[in-house]
Protein chains: 2
Amino acid sequence: MIPSGWPPYSRRPAKAVRVKAMTSAIQTLDAAERFCTERGLSLTPMRRRVLELLVEAGGPVKAYDLLSALKPGGAAQPPTVYRALDFLTRAGLAHKVEALNAYTACLNGHDEEDPCTGSAELFICESCGNVDERHMHRAPSDAPDGFVISRSVVEHYGQCARCAN
Amino acid sequence: MIPSGWPPYSRRPAKAVRVKAMTSAIQTLDAAERFCTERGLSLTPMRRRVLELLVEAGGPVKAYDLLSALKPGGAAQPPTVYRALDFLTRAGLAHKVEALNAYTACLNGHDEEDPCTGSAELFICESCGNVDERHMHRAPSDAPDGFVISRSVVEHYGQCARCAN
DNA sequence: CACGTTACGTAATGTCATAACGTCACCCTC
DNA sequence: GAGGGTGACGTTATGACATTACGTAACGTG
Ligand SMILES: [Zn+2]
Ligand SMILES: [Zn+2]
Ligand SMILES: [Zn+2]
Ligand SMILES: [Zn+2]
């Protein structure tokens with residue numbers, strides 16, 4: 001629960017971000033911050049916190065695991081995390097992994113590049129959980145005649161180079 | 001409920017298949033029958049009935065909708081339909097549409113071809129719900145170095161030629 | 001200051017999928 | 001023909017994932 005007297009969560013001043021291991025997380029979050037600022041999107045503390053958790057995890061995370069991770073800092077119900085995930089995926093800062101019902105941070109530097117417009121190609125290691133990502137700008141060569149693609153889901157499962165030995 | 005005195009459902013003689021509209025359904029089901037016979041798989045009445053429903057639908061169907069469709073012919077609980085779907089997808093006779101949490105019959109003639117080993121590429125029309133299918137036998141050209149793919153999920157959403165006008 | 005917009009809190013519900021256990025028929029073997 | 005393994009399904013309950021609906025607070029605008 002938010003202590004009484006505090007402003008509501010959305011207006012609470014952003015705390016200093018506490019990054020556990022990866023220093024790259026800081027870079028990614030800073031890039032996301034710039035990315036949103038440039039486009040008039042508001043990376044609120046809640047959204048930033050969820051993105052931070054995704055980046056720290058370094059792989060697909062379930063929504064309810066995010067929920068648990070958010071609990072210590074205050075109450076959190078499912079809509080809270082799903083709203084944050086909706087924002088992040090719409091903005092291209094995160095992707096849903098459809099076959100796992102999970103979510104993962106976009107691995108692109110969002111400084112120079114366009115946001116991922118729903119066409120990320122994911123390579124997911126089933127041994128270590130690591131995710132690699134490519135951005136498709138190509139249409140499949142063998143699409144049915146006249147089919148107009150608006151969104152693609154492409155996920156490859158297997159073993160990454162490290163785990164395949 | 002099964003009338004007492006009847007043999008249990010799995011041993012009940014297969015009823016004549018009642019196909020609503022498409023005569024192609026009969027062909028597909030017969031092909032599936034042959035496909036299973038050749039490989040020592042048992043297309044039981046329950047599994048055949050679920051496949052029949054998928055073929056008749058001609059597009060993605062939710063598991064609980066299948067469940068409702070099965071009710072008239074007897075009791076049906078979730079595990080019943082999920083077990084049938086598990087068999088059908090393992091055999092390559094049906095595919096899960098991951099981004100819709102739905103299932104669709106494989107469109108391949110299973111007479112001449114190999115089963116779909118988890119590498120079907122689906123083109124799903126968001127207007128009419130029609131599904132087209134290609135079978136990928138190619139690896140993506142831009143996979144990470146050393147990544148060994150065991151299974152791919154590829155789903156394209158958009159407008160089919162008819163709906164795109 | 002009334003008003004529309006955005007973001008989040010909160011409670012309840014809806015949707016998708018599986019665990020766990022029991023029964024029955026079939027098949028094999030002794 | 002008793003015993004035992006296997007496969008398929010029935011049944012109950014629960015777990016896992018996601019959304020609806022409504023309320024409140026902050027902010028910008030005229
Ligand atoms: Zn991306
Ligand atoms: Zn790995
Ligand atoms: Zn197929
Ligand atoms: Zn269409």
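Within every chain, numbering begins at 1; the chains are lettered A, B, ... in the order of the sequence lines, protein sequences first and strands thereafter. All values derive from a computational prediction rather than experimental measurement. Below, all heavy atoms of this structure are taken into account, side chains as well, without hydrogens, waters or symmetry copies.
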(request) Could you tell me the separation between the CZ atom of A:Arg83 and the P atom of C:dT10, rounded to a whole number of Å? (result) 11 Å
(message) Tell me the interatomic distance from A:Leu43, atom CG, to C:dA7, atom P, rounded to whole angstroms.
(response) 11 Å
(request) Could you check whether A:Arg47 gets within reach of a base, just the sugar-phosphate, or nothing at all, counting any heavy atom under 4.0 Å? (result) sugar-phosphate
(message) Under 4.0 Å between a side-chain nitrogen and a carboxylate oxygen: does that hold for A:Arg90 and A:Asp86?
(response) yes
(message) My understanding is that only residues two or more places apart in sequence, or in another chain, count here; which of them pass side-chain contact (heavy atoms from CB on, under 4.5 Å) with B:Ser68?
(response) none
(request) For B:Lys62 and B:Leu67, indicate whether the former's side chain and the latter's backbone hold a donor-acceptor pair under 3.5 Å. (result) no
(request) Take the protein atom CE of A:Met46 and the nucleotide atom P of D:dA25, then report the distance between them rounded to whole Å. (result) 17 Å
(request) Mind calculating the distance between CG (A:Leu85) and P (C:dA7) to the nearest angstrom? (result) 15 Å
Tabulate protein N/O versus nucleotide N/O from nucleotides 27-29 of chain C, keeping only pairs under 3.5 Å, one per line.
none

Extract all donor-acceptor atom pairs below 3.5 Å that involve side chains of residues 124-131 of chain B and protein atoms in other chains or at least two apart in sequence.
residue, atom, partner, partner atom, Å
B:Glu126, OE1, A:Ser150, OG, 3.3
B:Ser127, OG, B:Gln159, OE1, 2.7
B:Ser127, OG, B:Gln159, NE2, 3.3

(message) Distance check needed: C:dT6 P versus A:Leu41 CG, whole Å only.
(response) 12 Å
(message) Donor-acceptor check, side chain of A:Lys71 to backbone of A:Ala76, threshold 3.5 angstrom: yes or no?
(response) yes
(message) Going by the rule ring-ring contact (aromatic ring centres under 6.0 Å, His included), which residues pair with B:Phe147 if we only count those two or more places apart in sequence or in a different chain?
(response) A:Phe123
(message) Between B:Arg134 and A:Asp142 (side chain of the first, backbone of the second, donor and acceptor by atom type, cut-off under 3.5 Å), is there such a pair?
(response) yes
(message) Suppose we screen for side-chain contact (heavy atoms from CB on, under 4.5 Å). Which residues come up paired with A:Ser42, at least two apart in sequence or across chains?
(response) A:Thr44, A:Arg47
(message) Between A:Glu155 (side chain only) and A:Ala99 (backbone N and O only), is there a donor and an acceptor less than 3.5 Å apart?
(response) yes
(message) How many whole angstroms separate atom CG of B:Asp86 from atom P of D:dA8?
(response) 11 Å
(request) Quickly work out the A:Asp65 CG to D:dA18 P distance and round it to whole Å. (result) 11 Å
(request) For A:Phe87 and C:dC8, give me the distance from atom CZ to atom C1', rounded to whole Å. (result) 14 Å
(message) Between B:Thr80 and D:dC9, is there a contact of a side-chain N or O with OP1 or OP2 at under 4.0 Å?
(response) no
Produce the list of close N/O pairs, under 3.5 Å, pairing protein atoms with atoms of nucleotides 12-17 of chain D; give distances to one decimal.
residue, atom, partner, partner atom, Å
D:dC17, OP1, A:Lys62, NZ, 2.7

(request) Give a yes/no on whether any side-chain N or O of A:Ser42 is located under 4.0 angstrom from OP1 or OP2 of C:dA7. (result) yes
(message) Check the phosphate of C:dA7 against A:Thr44, side-chain N and O only, distance under 4.0 Å to OP1 or OP2. Yes or no?
(response) no
